[in-house]
Q: 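My questions will all concern the structure given below.
Computed from a predicted model, the values in this text were never measured in an experiment. Side-chain atoms are counted along with the backbone in the values below, which use heavy atoms only and exclude waters and symmetry mates.
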Amino acid sequence: MKINIYEKISQWLMDCPDIGDYVYFNVIPFESDTASVNSSSSSSTLTTYNDGSKEVRIFFLVNIIKHYDNGGTSDLNLDAINTFDKIINYVETKNSLSQYPDLGDTCVPYEIGSTHKAPDVYITPDNPDIARYEGQFYLEYLERK
C-alpha cells in the first residue's frame, strides 16, 4: 500500500506547538488560528538509481491564518510572523536532529527544511482583518524499489 506523504507530513507537524490543534490538507480555512499543509506541483526526482530507487524532493506549503491589523498599530502582525518563525525553527531543529516524518519502510527521509526564512503574507479585500501567512517547505527522501 502506497503511503500519502502529505498526510505523514501533516501528522508530523501536529507535534509543533505553534501549528495549532489541527492541520488541514489542501484547504485553507479563513478562520484565525488555523493551519494547513498544501501540496505543490514543483516536486521532482533528484536522482534515479539502476535498481529503480530514486531520490525525490517534494515541496509543500504551510499556511497559518491569523488576525491582521490593517492599521499596524498593534503587535498582531509581528506576533503572526513570530509564530511562523517558530514553525520554521521547529522544522529546522527536527532536521538537525534527523527526526523526520515516518514515511514507512520504502521511503527514507534525509532532509526537511524551509525554502525561505519569512512567509508571504496575503490579505483579501473581503476580510481585511484576517491574513494568510504562507511558507514553502521541502522534504527529500530516498524511495526504495
Q: I want to check something: taking the side chain as every heavy atom from C-beta on, are Tyr68 and Asn77 in contact at a cut-off of under 4.5 Å?
A: yes

Q: Ignoring hydrogens and angles, write down the donor-acceptor pairs under 3.5 Å from the side chains of residues 125-133, residues two or more places apart or on other chains.
A:
residue : atom : partner : partner atom : Å
Arg132  : NH1  : Asn63   : OD1          : 3.2
Arg132  : NH1  : Glu134  : OE1          : 2.7

Q: Output the distance between atom CD1 (Ile112) and atom OG (Ser98), rounded to the nearest 0.5 Å.
A: 11.5 Å

Q: Taking Tyr49's backbone N and O only, do any of them form a donor-acceptor pair with Ser53's side chain (distance below 3.5 Å, no angle check)?
A: no

Q: So Val108 and Leu103, do their side chains get closer than 4.5 Å, heavy atoms only?
A: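 Sidechains of Val108 and Leu103: no contact.
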
Q: Any chance CG of Asp51 has more than 12 other-residue heavy atoms, nucleotides or ligands included, within less than 6.0 Å?
A: yes

Q: For Pro101 and Pro109, which heavy atoms make the closest approach, and how far apart are they?
A: O-CG, 3.3 Å

Q: Rounded to the nearest 0.5 Å, what separation is found between the CD1 atom of Ile5 and the OG atom of Ser10?
A: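 Reported value, rounded in 0.5 Å steps: 12.0 Å.
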
Q: Rounded to the nearest 0.5 Å, how far does OG of Ser40 lie from CG of Leu61?
A: 5.5 Å

Q: With Phe137, which residues qualify under ring pair (Phe, Tyr, Trp, His ring centres under 6.0 Å), at least two apart?
A: Phe60

Q: Under 3.5 Å, is there a donor-acceptor pair between the side chain of Ser43 and the main chain of Phe59?
A: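 A pair under 3.5 Å: yes.
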
Q: Mind listing the closest non-hydrogen atom pair of Asp102 and Lys8 along with its distance?
A: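 Smallest heavy-atom distance, with atoms named: O-CD, 3.3 Å.
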
Q: Tell me which donor-acceptor pairs under 3.5 Å the side chains of residues 83-93 have, and how far apart each pair is, sequence neighbours excluded?
A:
residue : atom : partner : partner atom : Å
Thr83   : OG1  : Asp79   : O            : 3.0
Asn89   : ND2  : Asp85   : O            : 3.4
Glu92   : OE2  : Lys117  : NZ           : 2.1
Thr93   : OG1  : Asn89   : O            : 2.8

Q: Quick check on the hydrophobic clustering: are Ile9 and Tyr138 connected, directly or via other members, by side-chain heavy-atom contacts under 4.5 Å?
A: no

Q: Find the distance between CG (Leu76) and CG (Asn70) and round it off to the nearest 0.5 Å.
A: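 Separation between the atoms: 11.5 Å.
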
Q: Which heavy-atom pair separates Tyr6 from Asn4 by the least distance, and what is that distance?
A: N-OD1, 2.9 Å

Q: Do any N or O atoms from the side chain of Ser44 and from the backbone of Leu46 form a donor-acceptor pair under 3.5 angstrom?
A: no

Q: Is there side-chain contact between Ile64 and Lys66, with at least one heavy-atom pair below 4.5 Å?
A: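 Answer yes - side chains close enough.
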
Q: Between Ser32 and His67 (side chain of the first, backbone of the second, donor and acceptor by atom type, cut-off under 3.5 Å), is there such a pair?
A: yes

Q: Any side-chain donor paired with an acceptor under 3.5 Å for Tyr141 and Glu111?
A: no

Q: Which residues satisfy the salt bridge (charged side-chain N to carboxylate O under 4.0 Å, His left out) test with Glu140, sequence neighbours excluded?
A: Arg57

Q: Would you say the side-chain atoms of Trp12 pair up with the backbone N or O of Glu7, donor to acceptor, closer than 3.5 Å?
A: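 Checking the backbone N and O of Glu7 against the side chain of Trp12, no donor-acceptor pair under 3.5 Å is found.
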
Q: Please check: side-chain N/O of Thr48 versus main-chain N/O of Lys54, any donor-acceptor pairing under 3.5 Å?
A: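 Such a contact is absent between Thr48 side chain and Lys54 backbone.
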
Q: Tell me, which pairs form a ring pair (Phe, Tyr, Trp, His ring centres under 6.0 Å) where one or both residues lie in residues 102-130, sequence neighbours left out?
A: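 As it turns out, there is no ring pair (Phe, Tyr, Trp, His ring centres under 6.0 Å) pair with a partner in residues 102-130 once direct neighbours are skipped.
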
Q: I'd like a table of donor-acceptor pairs (distance under 3.5 Å, sequence neighbours excluded) in which one partner is a side-chain atom from residues 15-27, with atom names and distances.
A:
residue : atom : partner : partner atom : Å
Asn26   : OD1  : Ser39   : N            : 2.8
Asn26   : OD1  : Ser39   : OG           : 3.4
Asn26   : ND2  : Ser39   : OG           : 3.2

